Amino acid sequence: MLEAHCTLFVSFGGVPLKNTRVSSSGAGRHRARSGLKRLREAGAQIVNIGPVGDNLGDNDASEWIAIRPNTDTAMMLALAWVVLHDPLFDRGFLDSHTVGFDIFRAYLLGEADGAPKTPGWAAAITGVPAARIAALGHDLLRHRTMLNCAWALQRAAHGEQPFWALVTLAAMVGQIGLPGCGYGLGYGAMNVMGSPHPRLPGPFLPQGRNGVSAFIPCARIADMLLRAGERFTYNGGVHRYPDIRLVHWAGGNPFHHHQDLNRLRQGWARPDTIIVQEQYWTPVARQADIVLPATLSLERDDIGFATREGLFVAMRQAVPPQGEARDDHAIFAALSRRLGTEQAFTERLDTMGWLRRLYRESAEKIATTGINLPEFDQFWENGLIDLSAHDAPYVMHADFRRDLRAYPLPTPSDRIEIFSERIARFDLADCPGHPVWREPFEWLGHEKAKVYPLHLLSDQPERRLHSQLDASPYSRAGKVAGREPVYLNRGDAAARGIADGDLVELFNDRGRCLAGAILSDAIMPGVARLATGAWFDPGPNLERHGNPNVLTLDRGASGLSQGCVAQTCLIEARRFEGEPPRVTIFDPPQILPRSVSP
């Protein structure tokens, strides 16, 4: 539907197709590639803003505007300054559907800090010419405009700011809630974005109530393990890190997604016991005291359902469990039996009993929307329910724009909050009550760039999902010199004597890793790109396989979110000399005979 209305699509961070192949619980019909093609063929101007030029569809962008990493907020503020001074600027939507604009306006004009957020101001920060910023700002009001922000921008210092600034900019343009216009937070992040399928309640397990109130933001794992009892702020509250003595890890791989893995290894050694529930001999399984082998999806019965993917899938067991693997329900049922809570956990249901119950409960809720699902046995026999007949175009905030009293937003004011009194009361120096520019902890304008002059981007990989199946032949076929590939600008590589296919050492004051060089004109000077997910293979003072998280910074994005800042990272690169160490992470474990005690 976007192509029928949008004439200007501006994306900060692109729309990388490799990300759109997935959805939580599984993708149904892939739509990003064809959607971008239709948008381009309809004549829309597509602008890709970011440090990488090959991450928007199949080269669908009309223009690539290269921008220094982590400076998107500065450019958005300058675009807002241009819109504010444009003859076509109209405050109508701002006055009716937002709160706090005049407070933000004072900041934008420099009344608050003496620095008007002009295109010239932003050019010095972003590296984007002031004239190009000014021209794009004027274009926003002369087109039916969609503004998009890739999820990766939040994985940086002050990662809330580009999202807040983008919504503010879209509100100033005034087209939020119109077909093909407004803003998107994550086109190119997952397959579900832009889906026409209805949002339906799926077959989800009851969550119950956790008897333990202590928690941490997920990016603060190492802090929790290393700083038990210390205080941290999060979302306006003050909390303390709990003292963790036992870890049971089921699903995920912290030695993929966490930052500064050398620091995490120190924390991982603190608990008395580490239990990992896994299907493969992954890096986190290797770091465990006890490994509980779990089944693959093909080894168990399950229901496939993803919100707004339009499908129910009967995932019937294809092969029996291999070795001693058990499905997750069986593992937790056996543990609950030993803890004396089996009846409360299983509710006297086995796996198939739970699938029947969850399907029935989901069908009853869906029936209230006018959609009737078949009985479970018929669904299980047929194998698939296709709900595409119920598809309908979806325009985000259309109801809110038409009648904000009947369709308020879930904010304290019921409106878009350009200035948030609640956040302002938190009194956080790094996250005040409206969008602001704050210098990243490490960036190309930082003094540290004199020592580490390359900004490392750790994006999603092309040949796997995060770190999943890195041991597969398909993933390993994409390696260079047996390592994860690092993409370098040709000029940066030439200055360091690095050629295509060379083994390269990437390093900073947090760690060192090896990677295989690929030279590219689609990487702006001063930037390197090393995908996440290469299985962590630590050696003496050197990670051997190309895991970028031995280099990334482990620090909260702000006192508000405490989020991941992996995209805020400075490094240096050099050609590796000498005999390279062997990659050992794919070596299988040693299996001891049953009669031999470990």
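Quantities reported herein were computed from a predicted structural model and do not represent experimental measurements.
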Original post:
Do we see a donor-acceptor contact under 3.5 Å between the side chains of Glu572 and Asn508?
Top reply: no
**OP:** Rounded to the nearest 0.5 Å, what's the gap from OH on Tyr183 to CG on Leu166? Could you check?
**Re:** 9.0 Å
Subject >> Sidechain N-carboxylate O distance under 4.0 Å for Glu543, Arg512 >> reply: no
Subject >> Centroid-centroid distance, Trp443 to Trp437, less than 6.0 Å >> reply: yes
**OP:** Report the distance from atom CG of Leu560 to atom NE2 of His158, rounding to the nearest 0.5 Å.
**Re:** 12.0 Å
**OP:** Give a yes or no on whether a salt bridge exists between Glu347 and Arg357, defined as a side-chain N under 4.0 angstrom from a carboxylate O.
**Re:** yes
Original post:
Looking at Glu309 and Ser23, what are the two nearest heavy atoms and their distance?
Top reply: OE2-OG, 2.5 Å
Subject >> Near-ring test Phe536/His256, centroid separation under 6.0 angstrom >> reply: no
Subject >> Passing option when Glu442 is tested against Arg510, Lys450, Arg555 for salt bridge (Lys or Arg N to Asp or Glu O under 4.0 Å) >> reply: Arg510
Original post:
Regarding Arg220 and the six-membered ring of Phe232, is the cationic atom NZ or CZ under 6.0 Å from the ring centre and inside 45° of its axis?
Top reply: no
Original post:
What distance do His455 atom NE2 and Ile571 atom CD1 have between them, rounded to the nearest 0.5 Å?
Top reply: 9.5 Å
Original post:
How about Thr282 and Asn253: does a side-chain donor come under 3.5 Å of a side-chain acceptor?
Top reply: no
Original post:
Mind checking whether Asn549 and Asp260 have side chains closer than 4.5 Å, heavy atoms only?
Top reply: no
Original post:
Can you check whether Trp268 and Phe255 have ring centres sitting under 6.0 Å from each other?
Top reply: yes
**OP:** Could you go through the ring-ring contact (aromatic ring centres under 6.0 Å, His included) check for Phe419 and Phe104 one step at a time?
**Re:** CA-CA 7 Å; Phe419 175 82; Phe104 170 73; over 10 Å; no
Original post:
Any side-chain heavy atom of Ile303 within less than 4.5 Å of one from Met315?
Top reply: no
Subject >> Nearest heavy atoms of Ile216 and Pro242, plus distance in Å >> reply: CG2-CD, 4.0 Å
Subject >> Check ion pair Asp430-Arg438 (N to O, under 4.0 angstrom) >> reply: no
Original post:
Got more than 12 heavy atoms from elsewhere within 6.0 Å of CZ, Arg326?
Top reply: no
Original post:
If every non-hydrogen atom of Tyr107 is compared with every non-hydrogen atom of Pro435, which pair is closest and at what distance?
Top reply: CE2-O, 3.6 Å
Original post:
For Gln567, does its backbone N or O pair with a side-chain atom of Arg155 as donor and acceptor, under 3.5 Å?
Top reply: no
Original post:
Does the side chain of Leu551 reach to within under 4.5 Å of the side chain of Cys513, using non-hydrogen atoms?
Top reply: yes
Subject >> Nearest-0.5 Å distance, CG of residue Leu153 to CG of residue Asn70 >> reply: 8.0 Å
Original post:
Of Asp289, Leu246, Leu225, which is the lone residue that meets side-chain contact (heavy atoms from CB on, under 4.5 Å) with Pro271?
Top reply: Leu225
Original post:
Just checking, any donor-acceptor pair under 3.5 angstrom between side chains of Asp587 and Thr584?
Top reply: no
Subject >> Under-4.0 Å salt bridge between Asp537 and Arg544 >> reply: yes
Subject >> Lys/Arg N to Asp/Glu carboxylate O, Glu484 vs Lys479, below 4.0 Å >> reply: yes
Subject >> Residue from His466, Lys18, Arg21 passing side chain to side chain donor-acceptor pair (under 3.5 Å) with Gln460 >> reply: His466
**OP:** Decide if atom CZ of Arg199 counts as having more than 12 heavy atoms of other residues, nucleotides or ligands within a radius under 6.0 Å.
**Re:** no
**OP:** Quick one: do Arg415 and Thr98 satisfy side chain to side chain donor-acceptor pair (under 3.5 Å)? Show the steps, please.
**Re:** CA-CA 5 Å; Arg415 306 184 184 197; Thr98 77; over 6 Å; no
**OP:** May I ask you to check whether Glu160 and Ser558 show a side-chain donor-acceptor distance below 3.5 Å?
**Re:** yes
Original post:
Would you call Arg263-Asp223 a salt bridge at under 4.0 Å N-O?
Top reply: yes
**OP:** Look at atom CD of Glu421 and say whether more than 12 heavy atoms of other residues, nucleotides or ligands are closer to it than 6.0 Å.
**Re:** no
**OP:** Taking atom types as modelled, find out whether Asn191 and Thr20 have a side-chain donor-acceptor pair closer than 3.5 angstrom.
**Re:** no
Subject >> Derivation and outcome, side chain to side chain donor-acceptor pair (under 3.5 Å), residues Ser336 and Glu342 >> reply: CA-CA 5 Å; Ser336 64; Glu342 182 179 14; 5.7 Å; no
**OP:** Answer whether the closest heavy-atom distance between the side chains of Gln562 and Thr233 falls below 4.5 Å.
**Re:** yes
Original post:
If you take all heavy atoms of Pro293 and Ile331, which pair is closest and at what distance?
Top reply: O-CD1, 3.9 Å
**OP:** Taking only Lys NZ, Arg NE, NH1 and NH2, and the carboxylate oxygens of Asp or Glu, determine whether Arg227 and Asp243 approach each other closer than 4.0 Å.
**Re:** no
Original post:
Going through the distances and angles, do Asp328 and Gln277 end up as a side chain to side chain donor-acceptor pair (under 3.5 Å)?
Top reply: CA-CA 8 Å; Asp328 295 286; Gln277 202 160 308; 2.8 Å; yes
Original post:
Considering residues, nucleotides and ligands other than Asn541, do more than 12 of their heavy atoms fall under 6.0 Å from its CG?
Top reply: no
Subject >> Any side-chain heavy-atom pair of Leu457 and Pro69 under 4.5 Å >> reply: yes
**OP:** State, to 0.1 Å, how close Phe507 and Tyr452 come at their nearest heavy-atom pair, and which atoms those are.
**Re:** O-CD2, 3.8 Å
Original post:
Are His446 and Phe441 an aromatic pair by the rule of ring centers under 6.0 Å?
Top reply: no
Subject >> Close aromatic pair by centroid cut-off 6.0 Å: Phe345 and His329 >> reply: yes
Original post:
Salt bridge check: are Lys365 and Glu361 linked by an N-O gap of less than 4.0 Å?
Top reply: no
Original post:
So, do Leu335 and Phe332 sit near enough that their side-chain heavy atoms are less than 4.5 Å apart?
Top reply: yes
Original post:
Around Glu447, counting heavy atoms of other residues, nucleotides and ligands shown, do more than 12 lie under 6.0 Å from its CD?
Top reply: no
Original post:
Are Tyr407 and Phe400 near enough that their ring centres are under 6.0 Å apart?
Top reply: no
**OP:** Please step through side chain to side chain donor-acceptor pair (under 3.5 Å) for the pair Thr351 and Asp301, ending with a clear verdict.
**Re:** CA-CA 8 Å; Thr351 296; Asp301 291 318; over 6 Å; no
**OP:** For the pair His257 and Thr532, evaluate side chain to side chain contact (heavy atoms under 4.5 Å, CB included) and give the outcome as yes or no after the intermediate values.
**Re:** CA-CA 8 Å; His257 63 67; Thr532 64; over 6 Å; no
Original post:
Just wondering, do Leu553 and Cys569 contact through their side chains at under 4.5 Å, heavy atoms?
Top reply: no
**OP:** Measure up the Phe586 and His545 rings against each other and bin them: parallel (under 30°), tilted (30 to 60°), perpendicular (over 60°).
**Re:** perpendicular
**OP:** Could you tell me whether Arg529 sits above the aromatic face of Tyr487, with NZ or CZ closer than 6.0 angstrom to the six-membered ring centre and within 45 degrees of the axis?
**Re:** yes
Original post:
Between Tyr474 and Arg463, is there a cation-pi geometry (under 6.0 Å to ring centre, at most 45° from the normal)?
Top reply: yes
Subject >> Nearest heavy-atom neighbours spanning Val504 and Ala573 >> reply: CG1-CB, 4.0 Å
Original post:
Does a side-chain heavy-atom distance below 4.5 Å link Asn547 with Trp535?
Top reply: no
